[in-house]
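Encoded as structure tokens, the structure appears first; notes follow it.
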There are 2 protein chains.
Amino acid sequence: MAGLRERKKEQTRQRLAATAWRLFAERGFEAVTVSEIAEAAEVAKATLFSYFPTKESLALQGVGDEDLAGIVAGRPAGTSPLDALRTHYRDFAVGPMTGIDTEVLVSRVRVIFDSPALSSAAHALLYQQRQKLAEVLAAEHGETAAALMAAQISASLVTLQETFFRRLAAGAALEDARRRLAEDVELAFGLLAHGLDPFASGGRPARDEPAPAEDPITTEDRPRPTGRLRPAA
Amino acid sequence: MAGLRERKKEQTRQRLAATAWRLFAERGFEAVTVSEIAEAAEVAKATLFSYFPTKESLALQGVGDEDLAGIVAGRPAGTSPLDALRTHYRDFAVGPMTGIDTEVLVSRVRVIFDSPALSSAAHALLYQQRQKLAEVLAAEHGETAAALMAAQISASLVTLQETFFRRLAAGAALEDARRRLAEDVELAFGLLAHGLDPFASGGRPARDEPAPAEDPITTEDRPRPTGRLRPAA
DNA sequence: TCTGAAATCAAACCCGGTACGAGTTTTTGT
DNA sequence: ACAAAAACTCGTACCGGGTTTGATTTCAGA
């Protein structure tokens with residue numbers, strides 16, 4: 001029962017986003033003017049801004065949609081937040097690719113990386129995820145602890161994304177990038193779960209790099225250090 | 001041998017920053033116009049922008065000056081990066097306060113917190129520190145590992161700062177805020193060093209909050225989990 | 001004291017974003 | 001089927017941050 005009105009709106013919205021991305025891909029984010037976009041999409045500038053609040057939002061549609069908080073909140077009983085997230089990211093890295101056009105993806109990534117304004121706006125979006133994650137974690141841990149955990153987790157995941165996309169933008173094949181991502185996921189969650197101390201080295205590092213396993217999937221949970229953090233003196 | 005010219009420049013710069021902050025404190029960041037600032041400081045708008053590249057930079061002078069990378073790079077031999085940073089932050093929290101005007105500090109913090117634009121610009125500054133930290137860590141670990149560690153560390157420290165400042169802005173006394181910061185520092189570095197797993201809990205959390213020790217300083221290094229990350233299968 | 005470089009200035013301009021009032025289209029109630 | 005109300009769009013003028021331009025002042029160094 002989609003009313004005519006809503007159909008038209010959706011259509012216009014699509015046209016705006018598509019037009020914008022076409023221009024961004026051609027000349028880069030900063031070099032394109034919103035008036036230009038509006039003109040090319042045959043709408044008034046004011047109308048454009050009734051669809052998208054900012055120029056950045058034209059380019060960042062769908063960025064930061066992945067919902068960390070939701071994954072953690074909806075995890076099966078008996079799993080730790082970290083496990084839930086690890087599973088999710090493993091699936092993304094090694095699971096089947098659901099129809100992703102590499103060309104498009106790479107072009108989007110390039111545009112975003114090339115524009116400080118856009119990168120920064122993207123970061124701001126991801127920052128909100130972190131806040132929401134902190135909220136759901138706060139239900140189980142102290143507020144401060146939750147904030148810290150959320151910060152660490154979110155920072156790690158953002159780093160994973162950045163690394164992945166940077167490789168893509170640098171020209172790596174999608175499958176290669178995904179393979180390396182799979183390794184990095186294990187590395188990241190290892191660090192998150194067990195901390196940096198196993199890596200710690202006073203003067204010189206113990207090993208240059210922790211040699212990621214061949215097949216990440218085979219890496220199963222190791223016995224956890226049970227020691228509590230800061231036991232009462 | 002400070003030439004007259006340079007003295008005047010420095011003077012003007014100071015006058016601009018001071019004027020700006022006076023106005024920001026009175027009416028908030030967004031409500032003050034750069035033209036206004038320029039006028040009040042008796043300079044042309046163009047001149048103002050020859051001193052400060054953006055409006056934000058007028059407000060964020062000195063933010064993000066603390067140099068994580070430097071602390072890590074210049075740490076005494078035999079200490080891990082984490083230890084060096086922990087020591088540094090402990091000192092800040094419990095060491096002597098070197099002439100800080102709480103009034104001024106709080107007003108600055110309030111202004112920054114109240115302006116999304118400003119907060120976000122501050123984040124961007126702190127993000128640069130993180131990049132530099134990653135660079136120095138990359139010398140000892142793999143690039144990806146370094147990026148992940150830097151991300152975790154930097155995210156944690158930013159969270160500490162935010163928490164500290166938020167308490168101040170909420171009206172807490174400086175000494176109280178510092179005491180709680182001291183606790184949080186231990187918590188944060190504990191998490192960083194030993195990971196989140198000791199906290200991990202499947203269905204329900206083991207404890208609500210890990211009860212920070214009374215006197216953080218007495219908390220000395222615990223035996224480290226020696227298990228390496230992802231040993232070859 | 002003269003000269004050239006550096007700094008300042010006012011004013012016009014660009015761009016992202018908002019405000020406004022008037023016109024047009026869809027919806028809704030009857 | 002029709003009129004009133006709501007929703008959407010439009011052009012234009014405006015605001016604020018930031019840049020450009022070109023003329024004018026101010027300092028430094030010989």
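On a predicted model such as this, the values are computed, not experimentally measured, just so you know. Letters go in sequence order (proteins before strands), and every chain restarts at 1.
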Please report, rounded to the nearest Å, how far the [atom2] atom of [N] is from the [atom1] atom of [X].
| X | N | atom1 | atom2 | answer |
| --- | --- | --- | --- | --- |
| Glu56(B) | dG16(D) | CD | P | 15 Å |
| Phe49(A) | dT12(D) | CZ | C1' | 15 Å |
| Phe24(B) | dG16(D) | CZ | P | 14 Å |
| Leu118(A) | dG16(C) | CG | C1' | 14 Å |
| Ile37(A) | dG16(C) | CD1 | C1' | 11 Å |
| Glu39(A) | dC15(C) | CD | P | 12 Å |
| Leu48(B) | dA10(C) | CG | C1' | 15 Å |

Quiz item: What pairs with Tyr89(B) under ring-ring contact (aromatic ring centres under 6.0 Å, His included), at least two apart in sequence or on another chain?
Solution: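 Not a single residue meets the ring-ring contact (aromatic ring centres under 6.0 Å, His included) criterion with Tyr89(B).
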
Quiz item: Taking the side chain from Thr33(A) and the backbone from Glu36(A), do they hold a donor-acceptor pair closer than 3.5 Å?
Solution: no

Quiz prompt | Most 5' of Lys45(A) and Glu42(B) on DNA chain C, judged by nearest nucleotide | solution = Glu42(B)

Exercise. Would you indicate what Glu30(B) reaches in the nucleic acid, counting non-hydrogen atoms under 4.0 angstrom: base, sugar-phosphate, or nothing?
Key: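 Result for Glu30(B) = nothing.
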
Quiz item: What does Glu36(A) touch in the nucleic acid at a heavy-atom separation under 4.0 angstrom: a base, only the sugar-phosphate, or nothing?
Solution: nothing

Quiz item: Using a heavy-atom distance cut-off of less than 4.0 Å, which residues of residues 8-17 of chain B contact DNA chain D?
Solution: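 Here the set is Lys8(B).
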
Quiz item: Between Ser50(A) and dT9(D), is there a side-chain N or O to OP1/OP2 distance below 4.0 Å?
Solution: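 It does, given that an N or O in the side chain of Ser50(A) lies less than 4.0 Å from OP1 or OP2 of dT9(D).
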
Quiz item: Does the side chain of Tyr51(A) get closer than 4.0 angstrom to OP1 or OP2 of dT9(D) through an N or O atom?
Solution: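 The answer is yes; a side-chain N or O of Tyr51(A) sits under 4.0 Å from OP1 or OP2.
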
Quiz item: Are Arg110(B) and Phe165(B) in a cation-pi setup, meaning NZ or CZ lies under 6.0 angstrom from the ring centre and within 45 degrees of the ring axis?
Solution: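 No.
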
Exercise. Please check if atom CD in Glu42(B) has more than 12 non-hydrogen atoms from other residues, nucleotides or ligands closer than 6.0 Å.
Key: no

Exercise. Among the candidates dG17(C), dA10(C), dA19(C), find the nucleotide nearest to the side-chain atoms of Ala46(A).
Key: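 Side chain of Ala46(A) sits closest to dA19(C).
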
Self-check item: Nucleotide of dC27(D), dT8(C), dC8(D) approaching Arg5(A) most closely (side-chain heavy atoms)
Solution: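 Comparing dC27(D), dT8(C), dC8(D) against the side chain of Arg5(A), the answer is dC8(D).
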
Quiz prompt | Upstream residue (5' side of DNA chain D) when Val43(A) and Phe29(B) are each assigned their closest nucleotide | solution =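 Result: Val43(A).
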
Quiz item: Is the Phe24(A) ring parallel, tilted or perpendicular to the Phe29(A) ring (thresholds 30°, 60°)?
Solution: tilted

Exercise. Inspect the contact between Asp101(A) and Arg108(A) and indicate whether a charged nitrogen and a carboxylate oxygen are less than 4.0 angstrom apart.
Key: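 Salt bridge absent between Arg108(A) and Asp101(A).
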
Practice problem: Decide whether Thr159(B) and Arg130(A) meet the rule of one side-chain donor and one side-chain acceptor closer than 3.5 Å. | Solution: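 There is such a pair between these side chains.
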
